[in-house]
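Have a look at the structure below, then the notes.
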There are 2 protein chains.
Amino acid sequence: MATIHDVAQQAGVSVTTVSRVLNNRGYISEATRKKVFETMDALNYQPNEIARSLLRKQSNIIGLIIPNVSHPFFSELASQVEYYAYENGCKVLLCNSQLDPAKERDYIEMLKRNRVDGIIMGSHTLEVEEYVSLRSPIVTIDRRIGEKIPFISSDNYRGGVLATELLIRKGCRKLAHICGNLELDLLANSRSEGFRDTADKHGIEHMTIQTDMNVFDQEQYARIIQELLDQHPDVDGIFATSDIIAAFAVKGCVKIGRRVPDEMRIIGYDDVSAAAWLTPAITTVQQPIAEIGRLAVELIRRQLDGEPYEVDNTLPVELIERATT
Amino acid sequence: MATIHDVAQQAGVSVTTVSRVLNNRGYISEATRKKVFETMDALNYQPNEIARSLLRKQSNIIGLIIPNVSHPFFSELASQVEYYAYENGCKVLLCNSQLDPAKERDYIEMLKRNRVDGIIMGSHTLEVEEYVSLRSPIVTIDRRIGEKIPFISSDNYRGGVLATELLIRKGCRKLAHICGNLELDLLANSRSEGFRDTADKHGIEHMTIQTDMNVFDQEQYARIIQELLDQHPDVDGIFATSDIIAAFAVKGCVKIGRRVPDEMRIIGYDDVSAAAWLTPAITTVQQPIAEIGRLAVELIRRQLDGEPYEVDNTLPVELIERATT
DNA sequence: TATCATATGTCAACCCTTTGACATGTCATT
DNA sequence: AATGACATGTCAAAGGGTTGACATATGATA
């Protein structure tokens, strides 16, 4: 790989001149500028960003830690983060924690060693203290880990309320709620509170079922649904904490001949694009995924630039009624 | 951020000693090693990977360029690539080209400037020459761009044959095939050849419909399906080039009351996990996504280490029969 | 006692680029 | 003739870490 020295030599100018051309500073004649650019082309020169980063103490890399990109919600989030990072001249380092604390810790250290500009944390298996030692800008998705550390989440409680109210309004008599592991300290857990409070308020019988993990485990989802339908045949409304789980609920119902939505109403959460192209299309609580991604990148940038920022970024949710209610 | 100098000073040893501890070379007493590690802990020191990369001329970063991670096939691929990269001590830089040549070119240059160890190319909007100027190891997914550049693809032709034969065996009389943009020079295009040849061989009437782009555009998919069902009511079998398109086909049929699979048989491609949790579950041609990811990382590593490698990595496909045929 | 493995230190070069300080020279304007 | 904008050059330091050459010192072994 050619260096700036090679370019300078080939072009018959000094290294300083090439650097000046490259960084657009000082006086440079058109002729020289042209000659330098031509030489760079000829040598297929690309400035070594690593050397630049070392000097600038900035890598222009954002670390994105999530449970797994293969989960539709996180894949859409990653897509948005990448989009806005690119708009801001940043790159995205993709880190799947698989919700394994060791891997998550490992990735955090790796990101520190690589002096990333900031970390977007969408995986939360560690204790709060472990994140706090990080000096670099952080933004968390769906968890609050400190007074000053900005977090982004959808209005989970309201999402829970909206979903539950819809089920009740549609005439459901007994509700089931399938959520993630409530022991993880996530803001998503307030969906469950919203569910419980609303069902209680309306005097509707209800139950909550936890899944072991947040990572996408198809077999587990299928099993849980089957058990639910088996053991609680009187349940006629399900509020699932993700569209994928809702899809499995639909599948489980179809399998045993329970008609959706007539005999069973199902509502998901997230509004990933699959929710719309599934048959039947899934009623869901929409999180503004694009906005979450945009905001995450912006909050990193603001911290980096020392601009003021909101700590609590709770975004509105919207009920999207489709075919499963 | 603490530097190696700070650690040395604090620990009362020389920089060289710290470096020796860090890199496990030369003689170091247990006492010194311990003291150094303690000091690193106390100072929350993390060696600057940027400085190391500069020296080593290796970043341990793999660039992954794909149309968009939000597409299920690519999100699953990205997940696998990340998994195997991590196993090999590498990081993954996520690049969505959106199938925009300018963005793809931009990302390629960015990756060169960042001296990545290798590039996995899953987006192919540029001319072959533009890739060849890259010196760094490349692996392409689903496109052949040079004699020496390794590519990975599933056995697309056979996939097309298998899918078409199944439809014919099930009794379909007129087939439609929905594929991506055939003008992109992709190996996936041979799925279409497999389709055509097989239908011709059996004397079955058939048609092929191209989508504009490969990127996930829901509205376009829905429109194309609707037009197909509208204008060709006699088509009773659809071979879609992705499971997502197949899902839209199912949706379109349900909408107009065409029963699947009785009145219309549909088969997809990829076997993304959604294919299994959709209702009805989609019959599809399975690509070995995990193996593609594993191999992609391995081929980068082999090129880097100067080990021999296969150029043609065509992997077997498997027909997965589910509920839409 | 000579030798050697062990343990640590000093010093300098190197990876590639940026940047500031300073020098030199040309040409046009006042 | 003096001034100033323009154009380019030289030189050196800095960013953080690695590495090889070489020096020195200790304690154990032959």
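Note on naming: letters A, B, ... go to the chains in the order of the sequence lines (proteins, then strands), and numbering restarts at 1 for each one. This one's a predicted model, so the numbers in the text were calculated from it and none came from an experiment.
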Are any of the side-chain nitrogens in A:R115 or B:E49 under 4.0 Å away from the carboxylate oxygens of its partner? no
Between P on C:dT18 and NE2 on A:H5, what's the gap in Å once rounded to a whole number? 11 Å
Whether A:Y45 contacts C:dC16 is assessed here as follows: a side-chain N or O lying under 4.0 Å from the phosphate OP1 or OP2. Is that the case? no
Answer yes or no: does a side-chain N or O of A:K57 lie under 4.0 Å from OP1 or OP2 of D:dG16? yes
Taking only N/O atoms, report every protein-nucleotides 8-10 of chain D pair under 3.5 Å with atom names and distance.
{"residue": "D:dT8", "atom": "OP1", "partner": "A:S29", "partner atom": "OG", "Å": "2.8"}
{"residue": "D:dT8", "atom": "OP1", "partner": "A:T32", "partner atom": "OG1", "Å": "2.2"}
{"residue": "D:dT8", "atom": "OP2", "partner": "A:S29", "partner atom": "N", "Å": "2.6"}
{"residue": "D:dT8", "atom": "OP2", "partner": "A:S29", "partner atom": "OG", "Å": "3.0"}
{"residue": "D:dT8", "atom": "OP2", "partner": "A:T32", "partner atom": "OG1", "Å": "3.1"}
{"residue": "D:dG9", "atom": "OP1", "partner": "A:S14", "partner atom": "N", "Å": "3.4"}
{"residue": "D:dG9", "atom": "OP2", "partner": "A:S14", "partner atom": "N", "Å": "3.1"}
{"residue": "D:dG9", "atom": "OP2", "partner": "A:S14", "partner atom": "OG", "Å": "3.2"}
{"residue": "D:dG9", "atom": "OP2", "partner": "A:T17", "partner atom": "OG1", "Å": "2.2"}
{"residue": "D:dG9", "atom": "N7", "partner": "A:R20", "partner atom": "NH2", "Å": "2.8"}

Strictly below 4.0 Å, N to O, side chains only: are B:E109 and B:K112 in salt-bridge contact? no
Quick one: does B:N48's side chain get under 4.5 Å of A:L54's, heavy atoms only? yes
Remember a base hit wins even if backbone is also touched, and classify A:S19 as base, sugar-phosphate or nothing at under 4.0 Å, heavy atoms. base
Taking NZ from A:K34 and P from D:dA7, how many angstroms apart are they, rounded to a whole number? 16 Å
Quick one: B:L55 CG to D:dG15 C1', roughly how many Å, whole number? 13 Å
Give the rounded distance in Å between these two atoms: CE of B:M1 and P of D:dG17. 10 Å
What is the distance, to the nearest angstrom, from the CZ atom on B:R56 to the P atom on D:dT18? 6 Å
Indicate whether the side chain of A:D106 and that of B:Y86 have a donor and an acceptor atom separated by less than 3.5 Å. yes
Think B:N23 has a side-chain N or O under 4.0 angstrom from the OP1 or OP2 of D:dT18? yes
Length of the line joining B:R25:CZ and D:dG20:C1', which is rounded to integer Å: 10 Å
Side chains of B:E104 and B:Y131: is there a donor and an acceptor less than 3.5 Å apart? yes
Using whole Å, what does the distance between atom P of nucleotide D:dG15 and atom CG of B:N48 come to? 12 Å
Side-chain donor-acceptor pair under 3.5 Å between B:S153 and B:D142, yes or no? no
B:R113 CZ to C:dT17 P, straight-line distance once rounded to whole Å: 12 Å
Quick one: OH on A:Y309 to CD on A:Q303, what's the gap to the nearest 0.5 Å? 4.5 Å
